**Q** 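If you scroll down you'll find the structure; I have some questions about it.
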Amino acid sequence: MGWEILKMTVYASTLGITFRSAVPLLYGSLGGCFNQTSGCNNIAYECVMLFGALFGVIGSFYTGNPWIGALCAMGIGILVALIFGMFTIVFHSNSIVVGVALNSGAWAMTTLLMVSLFGSRGSFTDPGIISFSRLNTSLIDKIPYLGSVLGQNVLPVYLAYAMIAVSYIVMFKTPFGLRIRGVGQNEVAAETAGISAVKYRMISLVMMGAFVGLSGCCLSLGGLSMFSENMTAGRGFLCVASMIVGGGNPIKIALVALLFAYSDAMSQILTTLGLNGLLVSTIPYIAVIVVLLISGIKSFKGTADLEG
Amino acid sequence: MSKVMSKIKINDTVRINLFKYGFSLIVTLLLGAVLIIAQGENPATAAAVIFDGAFGSLTKFGNTLRWMAPNLMLGIAAAVAFKAGVSNLGIEGQVAWGGFVAAVLGYSVQLPPLLHVLLCVVAAGISGLLYVLLPAIMRLFFNINEFITTLMLNFIAAILTEYLVDLILSGTVQYSTATSTPNVLDSAIIPIIIPGTSVSASLLIALAVALLLFFVYKYTIVGYELKQVGENLRFAKTGGVKVVKSFLMIFLISGFIAGACGGIEVLGTYRKFNTGFAANMGWDGILVARIAESNPIAVIFVAFVWGALQAGSLQMERVTELNRFTVLCIKMIFVLMVSINYEWLFNTIRYAWIKRRNRKEAMAGGLGNS
């Protein structure tokens with residue numbers, strides 16, 4: 001039995017599920033890391049993702065094209081992100097409170113919209129919702145082990161992995177990334193250098209809205225073709241956790257997101273074998289705390305600086 | 001002179017608060033009406049049904065009070081933390097542990113009635129307290145923001161309690177579909193205080209906690225110190241307050257109250273631990289505390305309104321075509337409107353206005369000179 005479980009950790013199907021289920025987390029956390037780095041204490045990811053999932057379904061259902069669904073998801077994501085920005089950046093509200101309110105309200109709002117548009121409670125499935133179509137990856141499929149892990153996926157899955165490299169380059173090799181980091185590290189210094197903190201926070205907030213919306217749409221149109229009440233189920237918070245543990249470095253953030261996806265896959269596989277996968281699914285959360293603790297111990301200076 | 005100044009200052013605060021709640025209420029009512037009309041119902045009817053559901057009869061009023069108890073308790077738990085700028089987002093996890101511990105002690109230990117309840121609630125509180133200890137240590141000694149650690153601990157609590165329930169019920173680690181512990185013994189049940197309703201003595205416990213904290217904040221040195229570290233940390237430090245100790249106490253009190261709330265909910269209402277019963281309870285507490293500006297007495301009133309809305313929304317769903325989520329949306333709009341920093345907004349507008357007037361005067365003066 002122990003050997004079976006050990007073998008399962010490297011099953012092609014385990015890694016295949018990991019490869020797919022990491023995608024929403026990758027879009028969410030990589031899209032949001034600029035906003036996080038620029039100093040916004042934004043936890044409204046759950047809200048934006050849920051809206052993205054619903055509007056992806058709406059767009060796809062009414063036009064029959066999943067890409068229009070994705071555009072709708074990005075649009076609503078930007079809108080919700082701008083509402084967050086309006087309250088926190090323009091009206092100086094407490095960003096944690098606004099985040100909590102938006103997250104709690106999103107469940108209610110999306111369910112209301114689902115009921116009034118489609119007249120169904122709980123979840124909405126319809127043959128009219130067109131998901132992204134799988135790519136023909138015959139070239140990858142021929143590789144013995146890797147083929148079944150990486151092959152037969154939809155285009156947004158591959159784009160998410162490309163995004164790791166792109167966001168690393170944007171963050172560390174472009175003036176935009178430098179300014180975002182500057183605003184986050186020292187707002188006053190950045191303002192002195194003529195960089196408007198509000199402007200860069202707003203730009204990064206728009207990016208966050210677009211990509212987190214897209215990540216929600218990957219949940220609802222990435223194979224399932226459905227929207228159900230509160231379907232994000234905490235994934236938005238996982239994005240926040242990956243960003244904080246990753247500390248603004250897109251590669252680290254992606255690794256944490258993959259860890260989340262991997263333990264999710266493991267607990268799914270264990271459940272199909274009739275074992276209780278619940279304990280396994282706590283691993284990523286514990287890992288976040290342990291990683292933060294280790295990084296904290298490294299910079300230990302007696303008691304913390306309680307000025308801020 | 002200074003007396004006059006302070007009078008103006010107080011008046012300003014009152015005026016800003018009046019404007020804040022009035023303006024928020026109006027905006028919320030307008031948007032809420034739009035939301036209800038969009039679903040094809042009359043806002044006035046909906047409001048009447050909500051009012052009836054909350055106050056229409058003794059049983060209905062009982063429902064309002066029943067929902068008020070956890071909101072009040074968690075509102076206080078959140079208020080203690082947020083008053084000092086501690087973002088305890090882990091209330092949900094603390095409630096889950098408190099509820100679980102109370103349920104297990106409630107059915108497995110045999111004690112005389114009152115003692116049994118006391119043991120369960122205190123044990124629930126302590127489990128909540130222990131659950132916030134790690135984030136507190138990480139914040140105070142390693143400077144790791146508590147909001148992410150408490151958030152992660154919520155997920156861990158939800159999963160672990162579910163796992164332990166499986167373990168209790170089946171005795172093995174096989175996957176099971178059952179979702180609750182056995183019922184607690186009669187001696188552990190918090191009794192109903194108004195016959196014919198679902199109002200248990202939990203409400204009295206919650207009220208007692210709120211009043212206790214009010215007096216602690218207002219009349220004791222410890223309370224003054226706890227308040228001071230939130231309002232002006234540097235002043236508190238200079239004044240010789242042991243900040244680390246104060247912050248640690250804030251964390252622990254918040255966790256204890258949240259855990260105890262899980263205990264009284266389980267013993268007073270559900271009488272067993274259902275997995276996932278704590279979901280979203282913590283967020284409500286945070287929002288109640290925010291609206292009440294972390295003032296214990298105000299929390300009582302807001303929790304009452306919150307309870308009435310909760311009871312009314314269930315009635316509304318039964319009677320009209322409206323979904324009970326409508327009320328949740330309306331609550332959120334109100335929270336968002338109240339969260340706006342009106343004082344800052346007013347000062348900014350006033351500053352801009354004075355600057356403009358000065359410039360105008362300067363220009364007029366300049367013209368006069370030439």
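The basis for the numbers below is simple: all heavy atoms, side chains too, and nothing from hydrogens, waters or symmetry mates. The structure presented is a predicted model; accordingly, all values stated were derived computationally and were not measured. The sequence lines fix the lettering, A, B, ..., with proteins before strands; numbering per chain opens at 1.
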**Q** Hey, mind stepping through Leu102(A) and Leu336(B) against side-chain contact (heavy atoms from CB on, under 4.5 Å) and telling me if it holds?
**A** CA-CA 8 Å; Leu102(A) 284 176; Leu336(B) 284 179; 4.0 Å; yes

**Q** Given that the side chain runs from C-beta out, which part of Thr348(B) has a heavy atom under 4.5 Å from chain A: side chain, backbone, both or neither?
**A** neither

**Q** Quick one, Val240(A) with Phe147(B), criterion side-chain contact (heavy atoms from CB on, under 4.5 Å). Give me CA distance, side-chain angles, the key distance, then yes/no.
**A** CA-CA 11 Å; Val240(A) 177; Phe147(B) 91 81; 4.2 Å; yes

**Q** Which answer fits Ile96(A), side chain, backbone, both or neither, if we ask what part of it has an atom under 4.5 Å from a heavy atom of chain B?
**A** side chain

**Q** Measure across Phe237(A) and Met152(B) and return the closest heavy-atom pair with its distance rounded to 0.1 Å.
**A** O-CE, 4.1 Å

**Q** Would you find more than 12 non-hydrogen atoms of other residues, nucleotides or ligands less than 6.0 Å from Lys252(A) atom NZ?
**A** no

**Q** So what's closer than 4.5 Å to chain A heavy atoms on Leu35(B): side chain, backbone, both or neither?
**A** side chain

**Q** Which heavy atom of Ser104(A) sits nearest a heavy atom of Met332(B), and at what distance?
**A** CB-CE, 3.7 Å

**Q** Count the heavy-atom pairs under 4.5 Å between each of Trp283(B), Phe82(B), Trp344(B) and chain A, then report the option with the highest count.
**A** Trp344(B)

**Q** What part of Val98(A) gets within 4.5 angstrom of chain B, counting heavy atoms only: side chain, backbone, both, or neither?
**A** both

**Q** Can you tell me which portion of Ile137(B) sits under 4.5 Å from chain A's heavy atoms? Options are side chain, backbone, both or neither.
**A** neither

**Q** Measure distances from Thr149(B) to the heavy atoms of chain A and classify the residue's part below 4.5 Å as side chain, backbone, both or neither.
**A** both

**Q** Who in residues 107-117 of chain A is close to chain B, using a strict under-4.5 Å heavy-atom cut-off?
**A** Trp107(A), Ala108(A), Met109(A), Thr111(A), Leu112(A), Val115(A)

**Q** Which residues, numbered in order, of residues 31-52 of chain A come under 4.5 angstrom of chain B by heavy-atom distance?
**A** Asn41(A), Ile43(A)

**Q** Go through the atoms of Ile144(B) and report whether side chain, backbone, both or neither lie under 4.5 Å from a heavy atom of chain A.
**A** side chain

**Q** Roughly how far, to the nearest 0.5 Å, is the CG atom of Leu292(A) from the CZ atom of Phe142(B)?
**A** 12.0 Å

**Q** Report which part of Ile244(A) has an atom under 4.5 Å of a heavy atom belonging to chain B: side chain, backbone, both, or neither.
**A** side chain

**Q** Would you please test Ile156(B) and Ile289(A) for side-chain contact (heavy atoms from CB on, under 4.5 Å) and show each step?
**A** CA-CA 11 Å; Ile156(B) 298 175; Ile289(A) 294 176; 4.2 Å; yes

**Q** Phe19(B): what forms a ring pair (Phe, Tyr, Trp, His ring centres under 6.0 Å) with it, not counting sequence neighbours?
**A** Phe23(B), Tyr342(B), Phe346(B)

**Q** Please list, in residue-number order, every residue in residues 81-90 of chain A that has a heavy atom less than 4.5 Å from any heavy atom of chain B; write 'none' if there are none.
**A** Phe87(A), Val90(A)

**Q** Walk me through whether Leu293(A) and Met138(B) qualify under side-chain contact (heavy atoms from CB on, under 4.5 Å).
**A** CA-CA 7 Å; Leu293(A) 193 58; Met138(B) 285 173 76; 3.5 Å; yes

**Q** How many angstroms lie between CG in Leu153(B) and OG1 in Thr282(A), if you round to the nearest 0.5 Å?
**A** 11.0 Å

**Q** Does Ser339(B) reach the main-chain N or O of Ser93(A) with its side chain, forming a donor-acceptor pair under 3.5 Å?
**A** no

**Q** To the nearest 0.5 Å, what is the distance between CD1 on Ile340(B) and CG on Asn94(A)?
**A** 13.0 Å

